[in-house]
Asker: 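This is the structure I want to talk about, given as structure tokens.
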2 protein chains.
Amino acid sequence: MSSRLPAMVQTLRDRGIRLTAERRSILAGVLTCGGHFDVDRLLSHFRHQGVQVSRATVYRSLNTLVEVGLLRKIDLGDRPSLYEPIEGREHHEHMICVRCGEIIEFVEPEIERLQQEVCRRSGFEPLDHTLQIYGVCHACNCKDAAEECSDPARAGAGG
Amino acid sequence: MSSRLPAMVQTLRDRGIRLTAERRSILAGVLTCGGHFDVDRLLSHFRHQGVQVSRATVYRSLNTLVEVGLLRKIDLGDRPSLYEPIEGREHHEHMICVRCGEIIEFVEPEIERLQQEVCRRSGFEPLDHTLQIYGVCHACNCKDAAEECSDPARAGAGG
DNA sequence: GCTCCAGTTGAGACAGTATCTCAATTTAGA
DNA sequence: TCTAAATTGAGATACTGTCTCAACTGGAGC
Ligand SMILES: [Zn+2]
Ligand SMILES: [Zn+2]
Ligand SMILES: [Zn+2]
Ligand SMILES: [Zn+2]
């Protein structure tokens, strides 16, 4: 896991970005949290570890990491944004369960290609895109079905 | 344009939603603004027209119109959400120019189908999705090119 | 038209995410 | 070590959007 830290440190060095204690903590925290995390998750991680990093610095550093291409920001609109490490990961999009918050990644090169194609047709130069599918994950669907079976009186109330 | 107003009014009636003066103003404003508008645009439209509708009511009514299916909300994350009338319009997605704010719509059924396919494979029940492509529109790209030509000294500074 | 009340409104408080300010501190290079 | 410039932290601030609650009103019923 943390074997990626030196590479990330080097990336910052190469960009002339100073390696403060806070940024080291944040790099480590990012790798520890992994997956998809938000600012609060990172901050509570720091609190548990007794690491001192202010909220402002966390926001600033995450923005910096996004800028240098180490992190990807997933903008969810109303909810707090999520972040995920990019290094060595294939470009993917997300399905987000509105019940349990589960995040499922998917890769669909044909969708990516079609987006390029659409842009080409319009003379539009794409820089970034967001594709999120909101819905109910398999587990939550199964749970719903089980509850309806054990409580038939409510079986019709969900629609 | 405003010929759609009676139909929208009827939709509210059918749902038992009261037709207040404010809601009439908002329906009219929605049709006047048309295209893709945000809350501020609607509010300034009302100011210009001397129409009194509070911010809270605008937010509330827009949410209501989304709920009854007359309006679609486009969640842009950091920016204020956009709204667009749905009636009679084909489902589409948006390209958004980060320079001039221009919004270009596109329809790509194959992308929609692939999303369904991806969900099916994961046992994920899709309820909603967002697909926005951010980039530079054709007009802005041309403008950039023209400026580089007339100001060759800066030709290399953009990358 | 009049009455009545549940639904609606408005002003401003409030919630939540994220950025900004600026004095104090720290990094990194000479 | 010394210094300039970058960075940090605490709190203010910006901004979108929702909530509170007293006052108001649409529209059904008479
Ligand atoms: Zn779920
Ligand atoms: Zn992901
Ligand atoms: Zn443009
Ligand atoms: Zn549109």
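To find a chain, count down the sequence lines: A is the first, B the second, and so on, and within it residues start at 1.
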Asker: Please list, chain by chain and in numerical order, all residues satisfying ring-ring contact (aromatic ring centres under 6.0 Å, His included) with H138(A), sequence neighbours excluded.
Answerer: none

Asker: I need a per-nucleotide contact map over nucleotides 14-30 of chain D, read 5' to 3'. Cutoff is protein heavy atoms under 4.0 Å; write B for the base, S for backbone only, - otherwise.
Answerer: --SBBBB----BBS---

Asker: For E125(A), check side chain to side chain contact (heavy atoms under 4.5 Å, CB included) against everything at least two apart and list the hits.
Answerer: L127(A), V136(B), N141(B)

Asker: Using five base pairs at each end, measure the axis-to-axis angle across the helix from dG1(C)-dC30(D) to dA30(C)-dT1(D) and round it to 10 degrees.
Answerer: 30°

Asker: R113(B) and side-chain hydrogen bond (donor to acceptor under 3.5 Å, both in side chains): which partner among Q116(B), E110(B), E117(B)?
Answerer: E110(B)

Asker: By the rule that ILVMFWY residues connect when side-chain heavy atoms come within less than 4.5 angstrom, directly or transitively, which residues belong alongside V107(B)?
Answerer: none

Asker: Suppose the criterion is salt bridge (charged side-chain N to carboxylate O under 4.0 Å, His left out): which pairs have a residue in residues 13-36 of chain B, not counting sequence neighbours?
Answerer: none

Asker: For residues 38-53 of chain A, pull every pair meeting side chain to side chain donor-acceptor pair (under 3.5 Å), keeping only residues two or more places apart or in separate chains.
Answerer: none

Asker: Linking Ile, Leu, Val, Met, Phe, Trp and Tyr by side-chain heavy atoms under 4.5 Å, what else ends up with L131(A)?
Answerer: M95(A), I104(A), F106(A), I111(A), L114(A), V118(A), F124(A), I133(A), M95(B), I104(B), F106(B), I111(B), L114(B), V118(B), F124(B), L131(B), I133(B)

Asker: For residues 79-101 of chain A, pull every pair meeting salt bridge (charged side-chain N to carboxylate O under 4.0 Å, His left out), keeping only residues two or more places apart or in separate chains.
Answerer: R4(A)-E87(A), R72(A)-E84(A), R72(A)-E93(A), E84(A)-R89(A), R89(A)-E105(A), R99(A)-D144(A)

Asker: side-chain hydrogen bond (donor to acceptor under 3.5 Å, both in side chains) with E108(A): which residues, sequence neighbours excluded?
Answerer: R121(B)

Asker: Restricting to side chain to side chain contact (heavy atoms under 4.5 Å, CB included), what partner residues turn up for A56(B), sequence neighbours left out?
Answerer: S54(B), R60(B)

Asker: Anything under 4.0 Å to a heavy atom of chain A counts; send over the first and last such nucleotide of DNA chain C, read 5' to 3'.
Answerer: dT17(C) to dA28(C)

